[in-house]
Amino acid sequence: MLYYLFEYFDKTLDIPGTGVFQYITFRSALAFMLSLLLSTIYGKRIINFLRNQQVGETVRELGLAGQNEKAGTPTMGGLIIIFATLVPVLLFARLHNIYIVLLIVTTLWMGTIGFVDDYIKIFKKDKQGLKGIFKVIGQVGLGIIVGSVLYFNPAVTVRTDTGRTDVFKSANTTVVLPAPVEEKSTATTIPFVKNNEFDYAEVLSFMGDGYEKWAWLVFIPVVIFIITAVSNGANLTDGIDGLAAGTSAISVLALGIFTFLSGNIIFSNYLNIMYIPNSGEMTVFISAFVGALIGFLWYNSFPASVFMGDTGSLTIGGIIAVLAIAVRKEILIVLFCGIFLAESASVIIQVAYFKYTKKRFGEGRRIFLMSPLHHHYQKKGYHESKIVTRFWIVAIMLAILSIVTLKLR
C-alpha cells in the first residue's frame, strides 16, 4: 500500500526522494526490519494471548529428556510468523504482482489448514488433529491453484537467453536491438549441468506435434507433489526448539539470492541463468518472511516460550515450495531443504523397514532409535540445543552448495 502511495508522490506530485520506493532492495530492507520488529515486539503479546486462551501444547510421552517440562507451552505460534510476514508485504510490495498474490494466497491457505489442525488438537482434545486425508486435499488444492496460475497466467514468463539480440540492417545503417524472447515456458533448472534448462513439456514429446500445449498434465502434478512434500517435511522437522524456524530461515535466504538474481536481467545475463520477469518482487516477501522467522526464534529458541504448531510449519513448507517453483529452482530443494528431506526420509525408512521386518520375521525392527531424525539423536543422549545447532550448520553448508550451483556446472 505504501508502495502505491509513494509511487503517486513520485510520479504525480514529483516529491524529491519518494522514488526510492521503486527500488526492490530498499523495500526489502524495510520489510525485513518491520517484520523483525513486529515478531519480537508483538510476538510477546500474541504469546500472552495464547497462554490466556489456554492454547497449550499437549505432549505425548515419548521417553525424551526434558519432554514433560514442555507441557502447556503455548502453541499456534505460527500466527506470529504469518502476521509479521503479511503486514510488511501489504505495505511495501507491489500487490498486483502475480508472484506476490500467489505467496499471499499460499500463506493464508496453508496457515488456515494448520490452524484448523491445531484447533482440533487443542480445543477438541483430539491428538490426531485434522485427519490426514483433509490435509492432503488442502495441499493438493493449493498445488492445483499454484500450478494453474504459473502455467496459464500470461504474466508468468521466462527468458532463457538474456544476451540474445536481433540485428536489423539497411543500406546505410545497422541496428542491434534486444530480442523479445520472453515467453511462456515450463522450463526448470538442473543444477551442476551446462545448458541446464529442462522443460517438463519434453516428457510428452512422444505425443508428436503440438505436445507442448499438454505440458500442464506434467507441470501441475509436479507442483502438487512438491508443495505436499515440502510442507509435510517442514511439519516433521518441527519437533524441537528452534529447529524448523532456524533451518527454514537459512533455506529461504538462499532462495532470496536466487530470486533477486533471476529477477534482475543484468545479473541473470552475467550468470547465464534464466531471467524471470517480475519475479524480483518476491525478494520483498522473502525479506519479510526471513525477518518473521528470525523474530520468532527470539521466543522459540531453547527453552521455547512458544511452539509454531502446524499453523507455522505447514505455512513455512508451503511458502518455500512455491518460492522454489516460481523461481524455477525446485530441483534444488533436495539441497537447500536437505534437512526437511532427511527428516522425511528417516520417517519413511523407519516405517517401511518396520513393516518389512514384521512381515518377514514376525517382529518389527527399527533402523533409528526414533524418527524423525532429530528424535534419534535425542535418544542417543544429545541435548536438543546441540542437535539444533548442528542441524543449522548442515543447513548453512547445503545452502552455500546450492548457491554455488549458479557457477559450478
Side-chain angles (χ1 to χ4, degrees), residues 1-4 6-8 11 21-25 27-28 31 85-86 88-110 141-162 164 178-189 197-201 212-224 226-227 255-256 258-269 273-289 318-330:
M1 297 177 184
L2 287 179
Y3 168 82
Y4 297 102
F6 277 82
E7 185 181 44
Y8 174 78
K11 295 185 177 180
F21 262 72
Q22 299 299 314
Y23 294 97
I24 290 175
T25 49
R27 290 185 285 118
S28 296
T85 299
L86 290 183
V89 168
L90 293 175
L91 288 175
F92 302 126
R94 299 170 62 198
L95 299 181
H96 63 278
N97 181 283
I98 187 60
Y99 296 107
I100 295 296
V101 172
L102 272 181
L103 288 168
I104 292 174
V105 169
T106 298
T107 304
L108 295 175
W109 187 288
M110 297 303 291
L142 178 63
I144 292 173
I145 293 172
V146 173
S148 298
V149 170
L150 291 178
Y151 184 81
F152 293 107
N153 193 290
V156 180
T157 59
V158 300
R159 180 173 169 178
T160 56
D161 186 6
T162 55
R164 202 177 87 185
V181 292
E182 293 180 15
E183 58 188 2
K184 294 293 296 180
S185 173
T186 52
T188 189
T189 303
E197 277 77 41
F198 168 74
D199 196 332
Y200 290 115
E212 296 91 348
K213 66 181 180 181
W214 300 103
W216 63 271
L217 292 173
V218 177
F219 180 72
I220 293 178
V222 168
V223 172
I224 292 171
I226 292 171
I227 289 176
L255 270 172
F258 286 123
T259 301
F260 180 75
L261 296 176
S262 296
N264 186 294
I265 193 168
I266 297 174
F267 289 125
S268 57
N269 184 27
I273 60 175
M274 196 184 301
Y275 169 57
I276 307 173
N278 304 314
S279 66
E281 193 67 24
M282 289 190 289
T283 310
V284 179
F285 185 98
I286 289 171
S287 297
F289 188 42
I319 290 172
I320 291 175
V322 172
L323 284 170
I325 295 165
V327 81
R328 315 294 171 122
K329 295 293 185 291
E330 60 268 31

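Quick note: numbers below take in every heavy atom, side chains included, and nothing from hydrogens, waters or symmetry partners. Computed from a predicted model, the values in this text were never measured in an experiment.
Note that CG of L261 and CD1 of I273 are 5.5 Å apart. Values are rounded to the nearest 0.5 Å. In this structure, I24 CD1 and N264 CG are separated by 8.0 Å, a value rounded to the nearest 0.5 Å. The structure places CG of N153 at 8.5 Å from OH of Y99, a figure rounded to the nearest 0.5 Å. To the nearest 0.5 Å, atom OG1 of residue T188 and atom CD of residue E197 are 8.5 Å apart. Note that CG of L91 and OH of Y4 are 12.5 Å apart. Values are rounded to the nearest 0.5 Å. Taken to the nearest 0.5 Å, the OG1 atom of T85 stands 10.5 Å off from the CG atom of L90.
By the side chain to side chain donor-acceptor pair (under 3.5 Å) test, R27 pairs with E281, sequence neighbours left out. Among residues two or more places apart in sequence or in another chain, the ring-ring contact (aromatic ring centres under 6.0 Å, His included) test is passed with F21 by F6, F26. With sequence neighbours left out, K184 forms a side chain to side chain contact (heavy atoms under 4.5 Å, CB included) with V156, T157. V218 meets the side chain to side chain contact (heavy atoms under 4.5 Å, CB included) test with Y200, V203, L204, V222; sequence neighbours excluded. L86 meets the side chain to side chain contact (heavy atoms under 4.5 Å, CB included) test with I82, I104, T107, L108; sequence neighbours excluded. Contacts of Y8 classified as side chain to side chain donor-acceptor pair (under 3.5 Å), with partners at least two apart in sequence or in another chain: none.
In this structure, I286 and F260 have side chains that are not in contact, with every pair of non-hydrogen atoms separated by 4.5 Å or more. Using a 4.5 Å heavy-atom threshold, the side chains of I145 and W109 count as touching. At least one side-chain heavy atom of M282 sits less than 4.5 Å from a side-chain heavy atom of L103. Side-chain contact between I100 and F285 is present, with at least one heavy-atom pair separated by less than 4.5 Å. Contact annotation: the side chain of M274 approaches that of T189 to within less than 4.5 Å [non-hydrogen atoms, C-beta and beyond].
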Start with the C-alpha distance between L150 and F219, add both sets of side-chain angles, then the distance that settles side chain to side chain contact (heavy atoms under 4.5 Å, CB included), and finish with yes or no.
CA-CA 9 Å; L150 291 178; F219 180 72; 3.9 Å; yes
Pair N269, Y275 - check side chain to side chain contact (heavy atoms under 4.5 Å, CB included), show working.
CA-CA 8 Å; N269 184 27; Y275 169 57; over 6 Å; no
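The nearest pair of heavy atoms linking G263 to S279 is CA-OG, 3.4 Å. Of all non-hydrogen atoms in I144 and I220, the two that sit nearest each other are CA-CG2, 4.3 Å. Heavy atoms only, all atoms of each residue included: A31 and V284 are closest at CB-O, 3.7 Å.
Listed for the N97 side chain is a donor-acceptor partner under 3.5 Å among the backbone atoms of N278. Although no hydrogens or angles enter the test, the distance criterion places no donor-acceptor pair under 3.5 Å between the side chain of R159 and the main chain of P277. Proximity of a side-chain donor or acceptor of T259 to a complementary backbone N or O of T283 within less than 3.5 Å is not detected.
Taking the centre of each ring, H96 and Y3 stay at or above the 6.0 Å mark.
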